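Given the structure is predicted, the values throughout are model-derived calculations rather than measurements. Order of the sequence lines fixes the chain letters, A, B, ..., with proteins taken first and strands second; residue numbering starts at 1 for each chain.
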Amino acid sequence: MKTSKRSHTCGTLGLKNIGESVKLSGWVQRRRDLGGLIFVNLRDRSGIIQVVFDRDINEEAFNLAHEIRNEFVLTIRGVVTHREKGQCNDSIPTGHIEIKAEHLEILNTAKTPPIYIDDDDVLDESIRLKYRYLDLRKPKMQNILMIRHKATKIIRDYLDQRGFVEIETPILTKPTPEGARDFMVPSRVQKGSFFALPQSPQLFKQILMVSGMDRYYQIVKCFRDEDLRADRQPEFTQIDIEMSFINEEDIMYINERMIVEIFKKIKGYDIPLPIERMTYKEAMDRFGTDKPDTRFGFELKDLTNIVTNCEFNVFSNAVNSGGSVRAINAKGCGEKFSRREIDALGEFVKQYKAKGLAWINIKDDSIKSPISKFLSEKELTDIIEIMDGQPGDLIFIVADKTQIVYDALGQLRLELSKKLQLTNNNEYKFLWITEFPLLEFDNEEKRYTAMHHPFTSPIDEDISILESHPDGVRAKAYDLVVNGVELGGGSIRIHNSELQEKMFNVLGFSRDKAWEKFGFLLEAFKYGTPPHGGIAFGLDRLIMILTNTDNIKDVIAFPKTQNHSCLMTEAPSIAEEERLEELGILVKETE
RNA sequence: GGCCCGGUAGUUCAGAUGGUUAGAACGCUAGCCUGUCACGCUAGAGGCCGAGGGUUCGAGUCCCUUCCAGGUCGCCA
């Protein structure tokens with residue numbers, strides 16, 4: 001770090017440096033002018049140190065120090081001294097020393113900033129994004145960026161040591177018919193034609209396997225033109241990995257060890273190996289989601305068989321029209337929620353299309369429930385037994401189409417854990433979700449779509465029913481989940497062009513359309529394709545987990561707002577007439 | 001596209017029922033102050049109440065439209 005403008009960095013100085021003459025450069029955190037004595041807290045990336053300007057030490061520096069304001073950029077030279085007893089500040093690491101300034105150079109002045117550089121300063125997010133360079137001066141933000149750097153370094157080292165090669169793939173590429181909406185880029189040279197920005201380098205990494213590169217990875221930007229969420233940005237980063245001559249076990253083995261290494265090196269946290277496996281079906285049945293948070297209980301139980309013929313029409317109708325009735329037992333919550341709060345939870349599940357939320361509050365010698373009058377004694381006892389109901393418990397029941405029941409109860413579980421603070425941020429429960437369905441039925445398009453992507457291989461024993469019972473086919477796909485967050489996912493790919501064509505057929509792609517969209521891949525597959533598969537992790541989400549952040553914008557240096565704009569650069573902006581002309585684009589007037 | 005919440009000083013916010021000159025804290029400016037560290041004291045400046053329209057004698061406040069920011073459903077792995 002030593003340069004002509006500094007001998008040390010602020011935060012790294014300590015008692016060991018006492019008596020040394022040092023040169024420091026940084027920003028003014030704060031100035032305290034006592035009249036005959038001026039204190040300045042000087043900040044750089046490494047930390048903060050107090051500088052004293054004293055007329056008796058150097059009058060010229062002292063006089064100049066009157067001009068100092070917050071966020072001025074300074075170089076100071078002085079001697080590291082031990083602070084006297086009673087003058088120490090235990091709230092900063094360098095609080096037992098200070099620099100007696102012998103020389104001051106003001107490298108630059110600063111306007112009064114709209115953001116005070118302090119981790120605890122409360123600010124509207126739009127101000128933070130507009131003045132992102134100031135927001136990024138905060139130690140907390142700098143720490144996140146440094147952890148992000150450290151994580152990618154560990155990943156690169158880990159993969160390099162195991163023979164992986166980082167290869168760049170195009171950003172200007174071809175649109176993909178399945179999956180998210182593509183960002184489009186017009187071609188000037190071929191007017192009317194457009195590139196798409198990649199949603200992921202999926203096809204290229206498979207082609208690289210055909211090329212014999214064997215083990216590929218890339219830490220790469222991906223683009224999806226969809227709406228934002230607290231954990232979603234239109235451009236984000238993937239750790240993209242592909243390997244040849246492997247099966248699912250090989251992929252999970254090598255990748256879970258990479259995650260273990262990241263957590264060990266960054267957090268000193270030991271993830272027990274091997275990481276637990278759970279099938280998709282089990283995850284849905286027990287947690288109502290394919291990314292369960294297994295740090296707490298409240299698991300789903302199936303009541304369908306008990307209430308099939310019950311008097312309560314809401315239940316029996318749901319069952320008879322092909323749905324199900326399921327419940328969770330909020331252990332020990334019978335006294336924790338008021339009637340009003342329970343009603344609010346009923347409103348909560350309506351967000352997920354549930355029509356209502358039934359509940360049974362088990363008292364010491366009675367039962368309180370709005371639905372008990374519709375249920376027989378036997379049905380009630382059976383429900384309580386299957387739910388392992390004890391006095392003090394509160395059982396929540398949802399009856400509907402099974403997917404809605406899963407959604408509503410799965411989300412209710414999370415809501416309850418939030419309200420009851422059941423989870424500990426320093427605990428990490430990893431698991432692999434396996435045996436995903438290969439396909440899901442798209443009600444709008446009235447056809448099957450690939451749950452992962454169209455190149456995912458079915459499980460061998462299910463290939464025979466691919467065309468007769470598509471919804472029963474399981475995929476060689478796997479997701480890595482931690483604390484209810486999907487960190488990454490991947491699959492073994494189809495490497496046989498016959499099976500691939502069958503797959504397109506099931507997806508309702510004509511042979512012509514498949515060749516128009518993916519012809520280059522199908523053609524490549526005819527020239528000797530090794531069995532291959534891979535995985536991709538969301539780097540941003542990984543960093544969120546590592547830094548205990550719940551906002552993806554905080555782990556990206558220059559993120560976008562919900563409106564897809566960058567408040568700092570004011571992108572996107574209206575294109576100039578000449579540029580549009582050049583591109584052959586006519587912009588429609590909007591009302 | 002739907003739903004919810006917000007927009008008042010540089011910043012964070014307060015402004016019941018519409019009613020004189022729109023407040024506070026922090027920050028900022030000036031002066032005083034030699035051991036402060038959220039320094040202290042004194043004085044001061046600072047507002048298109050997001051924008052447009054409407055109702056009204058009168059709108060920060062009520063109504064409509066719109067823009068911006070956040071959360072969420074749809075969408076998206």
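In this structure, CG of Asp118(A) is placed 12 Å from P of G27(B), rounded to the nearest angstrom. The separation between Leu134(A) atom CG and U11(B) atom P is 12 Å, rounded to whole Å. In this structure, OH of Tyr131(A) is placed 10 Å from P of G10(B), rounded to the nearest angstrom. In this structure, the CD atom of Gln29(A) is 13 Å from the P atom of G27(B), given to the nearest Å.
Going from the C1' atom of A9(B) to that of C28(B) covers 11 Å, rounded to whole Å. Taking atom P on both nucleotides, U20(B) is separated from G1(B) by 41 Å, rounded to a whole Å. The same atom, P, is picked in U8(B) and in U61(B); the two are 13 Å apart, to the nearest Å. U55(B) and G46(B) are spaced 33 Å apart, taking the C1' atom of each and rounding to whole Å. Remark: the separation of the C1' atoms in A22(B) and G58(B) is 16 Å, to the nearest Å. Nucleotides A30(B) and U21(B) have their C1' atoms positioned 26 Å apart, rounded to a whole Å. Remark: the separation of the C1' atoms in A38(B) and C76(B) is 45 Å, to the nearest Å. U56(B) and C63(B): their C1' atoms are spaced 12 Å apart (whole Å).
For the side-chain contact (heavy atoms from CB on, under 4.5 Å) criterion with Lys553(A), the lone passing option out of Asn551(A), Val555(A), Ile556(A) is Asn551(A).
Within the shown strands, G19(B) is the pairing partner of C57(B) under the Watson-Crick or G-U definition, both distances less than 3.5 Å. Shown here, G47(B) forms no base pair; nothing in the strands shown gives a Watson-Crick or G-U wobble contact with both key distances under 3.5 Å. In this entry A24(B) has U12(B) as its Watson-Crick or G-U wobble partner, both defining distances falling under 3.5 Å. Across all strands shown, the partner of C32(B) is G40(B), judged by Watson-Crick or G-U wobble contacts whose two distances both fall under 3.5 Å.
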Task: B/S/- contact track for nucleotides 67-77 of chain B, protein heavy atom under 4.0 Å - done: -SSBBSBBBBB
- [ ] Give the B/S/- string for nucleotides 32-37 of chain B, one per nucleotide from 5' to 3', where a protein heavy atom under 4.0 Å of the base yields B, of only the sugar-phosphate yields S, and otherwise -.
- [x] -BBBBB
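For Tyr280(A), the ring-ring contact (aromatic ring centres under 6.0 Å, His included) partners at least two apart in sequence or on another chain are Phe436(A).
The aromatic rings of Tyr131(A) and Tyr133(A) sit perpendicular to each other, their planes meeting at more than 60°, with 30° as the lower class boundary. Ring pair Phe518(A)/Phe504(A) is parallel by interplanar angle, where below 30° counts as parallel and above 60° as perpendicular.
When the shell of 6.0 Å around OH of Tyr428(A) is examined, it contains more than 12 heavy atoms from other residues, nucleotides or ligands.
Counting heavy atoms from C-beta on, the side chains of Phe396(A) and Leu345(A) come closer than 4.5 Å.
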- [ ] Determine, step by step, whether Arg31(A) and Asp33(A) satisfy the salt bridge (charged side-chain N to carboxylate O under 4.0 Å, His left out) criterion, reporting the C-alpha distance in whole Å, the side-chain angles of both residues, the deciding distance to 0.1 Å, and the verdict.
- [x] CA-CA 6 Å; Arg31(A) 177 187 70 127; Asp33(A) 184 347; 3.6 Å; yes
TODO: Tell me, with the steps shown, if Ser565(A) and Glu570(A) meet side-chain hydrogen bond (donor to acceptor under 3.5 Å, both in side chains).
DONE: CA-CA 7 Å; Ser565(A) 45; Glu570(A) 297 184 315; over 6 Å; no
TODO: Step by step, work out the salt bridge (charged side-chain N to carboxylate O under 4.0 Å, His left out) result for Glu226(A) and Arg232(A).
DONE: CA-CA 9 Å; Glu226(A) 297 290 351; Arg232(A) 250 162 50 190; over 6 Å; no
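The glycosidic torsion of A30(B) lies more than 90° away from 0, placing the base in the anti range.
For Arg31(A) and A38(B), the shortest distance from a side-chain N or O to OP1 or OP2 is not below 4.0 Å.
For the pair Gln29(A) (side chain) and Glu71(A) (backbone), a donor-acceptor distance under 3.5 Å is absent.
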